[in-house]
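To keep things clear, I will list the structure first and then write my remarks on it.
Each chain gets a letter, A, B and so on, in the order the sequences are listed, and its residues count up from 1.
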There are 2 protein chains.
Amino acid sequence: MSVEPNYFQQYQHADIDELADAIGELLQNPITVEDADHKLIAYSSHGDSTDQARWSTIMGRRVPEKVLTRLWKDGVFQELLTQDDPVHIPAKDEVGLGKRVAIAIRRGSDVLGYIWAQEVNRPITREDDEILRQAARVAVPRLMQRQGKRKAEEQRRKEFLWELLLGNHKSESAIRQKADSLQMQLPTSYLICVIEAAGARLDQYLYPLLMRDKLLWVVDGSQIILLIGLNEDGKKDVREVLIRKVEQFLADSLGKLEAHVTEGRQVIAGYGLGYSTYLEIVKSYREALHALKIKKLFPKENEGIYGYHELGIYRYLLQLKQWEEEQGYKNERLEKLRQYDRDNQTALMETLETFLDAAGKVNVTAQRLHIHINTLSYRLRRIEEIMRVDLENMNQRAALYLELKMAKLDQEQ
Amino acid sequence: MSVEPNYFQQYQHADIDELADAIGELLQNPITVEDADHKLIAYSSHGDSTDQARWSTIMGRRVPEKVLTRLWKDGVFQELLTQDDPVHIPAKDEVGLGKRVAIAIRRGSDVLGYIWAQEVNRPITREDDEILRQAARVAVPRLMQRQGKRKAEEQRRKEFLWELLLGNHKSESAIRQKADSLQMQLPTSYLICVIEAAGARLDQYLYPLLMRDKLLWVVDGSQIILLIGLNEDGKKDVREVLIRKVEQFLADSLGKLEAHVTEGRQVIAGYGLGYSTYLEIVKSYREALHALKIKKLFPKENEGIYGYHELGIYRYLLQLKQWEEEQGYKNERLEKLRQYDRDNQTALMETLETFLDAAGKVNVTAQRLHIHINTLSYRLRRIEEIMRVDLENMNQRAALYLELKMAKLDQEQ
DNA sequence: CTTCTTTTTGTGAAAATTCACAAACAGACT
DNA sequence: AGTCTGTTTGTGAATTTTCACAAAAAGAAG
């Protein structure tokens with residue numbers, strides 16, 4: 001293996017624009033340098049032939065939204081954010097983007113910006129990768145200064161989010177003012193989503209997602225807390241559709257995440273209701289945490305469910321349980337059935353739970369239990385006798401359902 | 001109408017035994033005088049021919065339990081307690097009771113005791129009634145002295161019960177001691193039952209019941225609070241059977257009471273769980289009151305239900321409602337359905353409630369609503385669309401059921 | 001081993017549920 | 001008046017549930 005030359009030795013202390021020109025000379029192609037927020041930082045002056053995307057970027061001092069969206073969609077940024085090597089990108093004519101190569105400028109796990117090299121004068125091959133790698137390294141100190149400010153601001157924003165989550169602010173207008181002073185534009189509507197992973201570094205894992213949607217987020221131990229905006233354009237219907245869209249999106253990506261990361265460790269997520277005033281962020285946060293807690297306690301029962309409002313009776317369960325304990329209420333019916341099961345080595349409790357879970361449908365229940373329908377019918381009659389309940393009565397059935405799930409709380413945990 | 005003679009003019013200040021003899025002389029039959037607790041107070045010395053019942057009463061200084069039970073069963077005491085006239089009682093040979101006439105000795109609404117006149121030497125006719133009426137009046141002062149003591153004791157017992165109900169005692173042994181000092185034998189197990197009637201004088205109405213079972217009771221405004229004993233003879237099974245018996249009895253008599261007294265005013269009743277230690281009497285009382293409260297709020301839903309343990313989900317409802325309010329949770333689903341009903345003049349809410357109440361049975365629901373089954377099926381599909389719920393899912397169904405009943409709380413009240 | 005109780009499975013007929021499809025009706029809007 | 005939408009009712013067939021009755025299997029108790 002040959003020793004690679006040090007392409008940018010004389011540019012260690014050069015201006016960032018000079019660096020762009022130098023890369024452009026080496027690759028014989030137009031170069032653009034952006035920060036992590038895709039704001040233009042420098043560009044090579046040499047190139048005369050360029051594409052629509054680069055032209056718009058330079059004129060607007062930022063990469064057009066349309067282009068960014070497309071690149072996120074195609075997974076280009078996901079690649080850039082997770083690897084050190086340059087990424088070769090085919091042309092995307094619909095958004096006026098010619099063929100090019102890009103590399104992330106990174107320091108540790110932080111991405112400070114990107115270098116883009118367009119392919120117009122000559123193709124950029126794998127041999128050129130080292131040039132870009134070195135260029136990315138050399139660009140780091142230059143971007144650090146900018147990043148420093150951004151980081152500090154980011155930090156202050158995160159602190160502000162914590163204040164909001166903990167309910168430290170007492171007036172909506174004060175919140176708006178502080179948000180303005182931090183140059184944050186709070187979404188008109190929002191919800192809080194909390195994701196928890198036992199050992200994984202979630203923020204790293206979620207980086208593409210966080211960057212793409214410019215989400216406001218903070219980390220708390222093994223949890224990451226996201227503020228997700230629901231910007232309503234106008235009518236109420238729109239807002240509802242939007243919420244549902246976000247819910248859909250969350251359910252999708254959280255589902256994927258769960259499936260993806262489950263290499264030994266567990267990922268759980270939950271989100272609260274959507275609100276419009278930021279005094280209520282405390283509620284959304286509390287709701288998200290509650291959903292998370294319930295999902296930990298009843299993983300199977302709440303598979304595919306993330307929203308607090310979707311929890312159904314589980315939303316009440318902990319509260320009810322606590323209340324029962326305070327009152328010192330002892331539920332004899334369930335205990336009697338459990339005792340019967342122990343004495344006779346039967347499975348009436350399981351039968352009852354399956355039956356209730358199946359909303360009283362006998363064939364479903366029998367199938368799930370792998371028993372004959374008449375066996376089920378016999379068992380149900382037996383259960384009614386032993387517990388003295390009427391399973392046809394909705395009040396009793398619902399109460400039993402609640403009691404059963406409550407009982408599982410101290411049984412399994 | 002002829003003026004009745006004053007039969008007992010010279011006995012106004014005579015001894016109670018002399019009075020018994022005097023009545024015996026007038027009626028030419030054996031006489032027995034008892035207090036309200038059926039303890040023997042006096043008897044005529046004249047008679048030589050007597051029956052088994054009277055003999056046992058005199059020898060035991062109290063009317064045998066067997067005889068009392070029979071007389072309660074046959075409604076004799078109910079008559080005696082509620083009317084001023086003598087009651088003519090046919091012979092009840094099975095308990096060794098010959099034909100006789102009895103009258104209550106009463107002062108105001110209080111029954112102080114009874115005069116019994118056996119019919120052996122000559123029949124006692126309607127003409128003799130006035131003799132017994134006057135005798136009962138003359139006997140009053142004599143019984144008052146005894147009654148005075150009894151009343152004071154009764155008063156102290158009632159005060160003690162109040163102390164128990166309010167949880168003023170901190171140790172079980174202290175409770176037992178005080179009970180002993182008041183010569184009360186507390187049942188080994190018990191439960192608290194509360195009956196409420198708007199305007200009626202319940203204690204008067206329940207007098208026969210209270211007297212018969214020697215229940216401990218206190219009055220609180222329009223409520224009467226009963227301590228009902230569950231004396232278990234031995235095994236656990238027995239206790240359970242006993243509790244069920246008492247429940248049956250309560251349900252029966254309370255049902256009758258409700259049906260009977262509903263001349264404009266409402267009678268409601270509820271009872272708590274059965275306990276064995278008297279520190280827990282507070283719980284049973286609170287439970288009884290809670291059952292009462294729920295029955296007021298949901299009279300139809302809890303018709304024929306009196307026990308706290310039978311309330312099902314209603315047991316949780318108030319607590320949950322309060323929690324929801326504290327959390328500031330707004331239920332949008334139900335509101336949406338209500339709005340739809342308003343906008344389109346439909347009855348989806350009623351349909352949903354009926355469906356849930358019928359435990360998801362379509363034919364029952366359709367019948368109750370007087371609609372075609374397909375209409376119901378259409379409406380249910382509509383409800384699922386509008387509310388975005390899956391009525392087949394037990395969790396959602398139960399949650400909806402709870403929410404619906406909770407919503408009724410602030411809707412109707 | 002027999003007897004008794006409890007549990008499981010089977011059969012068959014009546015009743016209820018589900019589903020697809022269609023006709024009729026009412027109200028709102030053009 | 002015609003159209004559209006939402007609602008109600010009807011029909012019929014496949015499927016499911018309910019109920020009564022009975023036979024078999026398993027385990028405990030004598």
Side-chain angles (χ1 to χ4, degrees), chain A residues 235-237 240-241 333 335-394 396-397 400-401, chain B residues 235-237 240-241 333 335-394 396-397 400-401:
Chain A
K235 304 160 210 167
K236 275 195 177 178
D237 288 352
E240 197 179 312
V241 170
R333 292 191 301 183
E335 196 39 57
K336 210 183 289 177
L337 197 65
R338 221 190 310 272
Q339 189 58 47
Y340 189 91
D341 269 357
R342 269 196 296 269
D343 289 350
N344 303 51
Q345 286 173 311
T346 46
L348 295 187
M349 193 62 107
E350 186 197 2
T351 306
L352 177 61
E353 185 174 5
T354 312
F355 177 73
L356 290 176
D357 280 337
K361 299 204 162 186
V362 268
N363 56 346
V364 176
T365 312
Q367 266 175 14
R368 286 191 195 163
L369 289 171
H370 309 293
I371 57 173
H372 195 276
I373 288 205
N374 286 5
T375 303
L376 175 62
S377 129
Y378 169 75
R379 286 193 191 169
L380 290 177
R381 207 183 326 130
R382 215 71 195 72
I383 291 171
E384 286 185 325
E385 282 167 14
I386 294 169
M387 303 185 76
R388 300 185 181 277
V389 284
D390 175 12
L391 290 174
E392 300 299 288
N393 180 321
M394 181 59 173
Q396 298 196 39
R397 197 190 275 187
L400 213 52
Y401 185 59
Chain B
K235 303 160 209 167
K236 275 196 176 179
D237 287 353
E240 198 179 310
V241 169
R333 292 190 300 183
E335 196 38 58
K336 210 183 287 176
L337 197 65
R338 219 189 313 270
Q339 189 58 47
Y340 189 91
D341 269 355
R342 268 196 295 270
D343 290 350
N344 302 54
Q345 286 171 314
T346 47
L348 295 187
M349 193 62 108
E350 186 197 0
T351 305
L352 177 61
E353 185 174 6
T354 311
F355 177 73
L356 290 177
D357 280 338
K361 299 204 161 186
V362 269
N363 58 344
V364 176
T365 313
Q367 265 175 13
R368 287 192 194 162
L369 289 170
H370 309 292
I371 58 173
H372 194 275
I373 288 206
N374 286 5
T375 304
L376 175 62
S377 128
Y378 170 76
R379 285 192 191 169
L380 291 177
R381 206 184 326 133
R382 216 72 196 70
I383 290 171
E384 287 186 323
E385 284 167 13
I386 295 169
M387 303 185 77
R388 296 180 188 281
V389 283
D390 175 13
L391 289 174
E392 301 299 288
N393 180 320
M394 182 57 174
Q396 297 195 40
R397 197 191 274 187
L400 213 51
Y401 185 59

Output yes when a side-chain donor or acceptor of Q396(A) lies under 3.5 Å from a complementary backbone atom of V389(A), and no otherwise.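 Looks like no, no N/O pair under 3.5 Å.
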Check for a donor-acceptor pair, side chain of T365(B) on one end and backbone N or O of K361(B) on the other, with a separation under 3.5 Å.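 Yes.
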Whether the side chain of N374(A) and the base of dT7(C) hold a donor-acceptor pair under 3.5 Å is what I'd like checked.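 It does not, because no donor-acceptor pair links the side chain of N374(A) to the base of dT7(C) below 3.5 Å.
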Whole-Å distance between [N] [atom2] and [X] [atom1]?
{"X": "Q345(B)", "N": "dT8(D)", "atom1": "CD", "atom2": "P", "value": "12 Å"}
{"X": "D343(B)", "N": "dT5(D)", "atom1": "CG", "atom2": "C1'", "value": "15 Å"}
{"X": "Q367(B)", "N": "dT9(D)", "atom1": "CD", "atom2": "P", "value": "14 Å"}
{"X": "N344(A)", "N": "dA26(D)", "atom1": "CG", "atom2": "C1'", "value": "13 Å"}
{"X": "L369(B)", "N": "dT8(D)", "atom1": "CG", "atom2": "P", "value": "11 Å"}
{"X": "L380(B)", "N": "dT8(D)", "atom1": "CG", "atom2": "C1'", "value": "14 Å"}
{"X": "E385(B)", "N": "dT5(D)", "atom1": "CD", "atom2": "P", "value": "15 Å"}
{"X": "L348(A)", "N": "dT8(C)", "atom1": "CG", "atom2": "C1'", "value": "13 Å"}

Can you find a side chain N or O atom of [X] that sits less than 4.0 Å from OP1 or OP2 on [N]?
{"X": "N363(A)", "N": "dT17(D)", "result": "yes"}
{"X": "T375(A)", "N": "dT9(C)", "result": "yes"}
{"X": "R379(B)", "N": "dT7(D)", "result": "no"}
{"X": "Y378(A)", "N": "dT8(C)", "result": "no"}

Nearest listed nucleotide, side chain of Y340(B), among dT17(D), dT7(D), dT8(C): dT7(D)
Salt bridge E385(A)-R382(A), side-chain N to carboxylate O under 4.0 Å: yes
Salt bridge between R342(A) and E335(A), side-chain N to carboxylate O under 4.0 Å?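 Counted as a salt bridge, because a side-chain N and a carboxylate O are separated by less than 4.0 Å.
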If you assign each of I373(A) and R382(B) to its closest nucleotide in DNA chain D, which residue comes earlier from the 5' end?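 Its nearest nucleotide lies further toward 5', so the answer is R382(B).
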Closest nucleotide of DNA chain C for H372(A) versus for K361(A): which of these residues is on the 5' side? H372(A)
Across the strands shown, which category fits T346(B) at heavy-atom distances under 4.0 angstrom: base, sugar-phosphate, nothing?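 It contacts sugar-phosphate atoms only.
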Side chains of T354(A) and R368(A) only: does a donor on one sit below 3.5 Å from an acceptor on the other? no
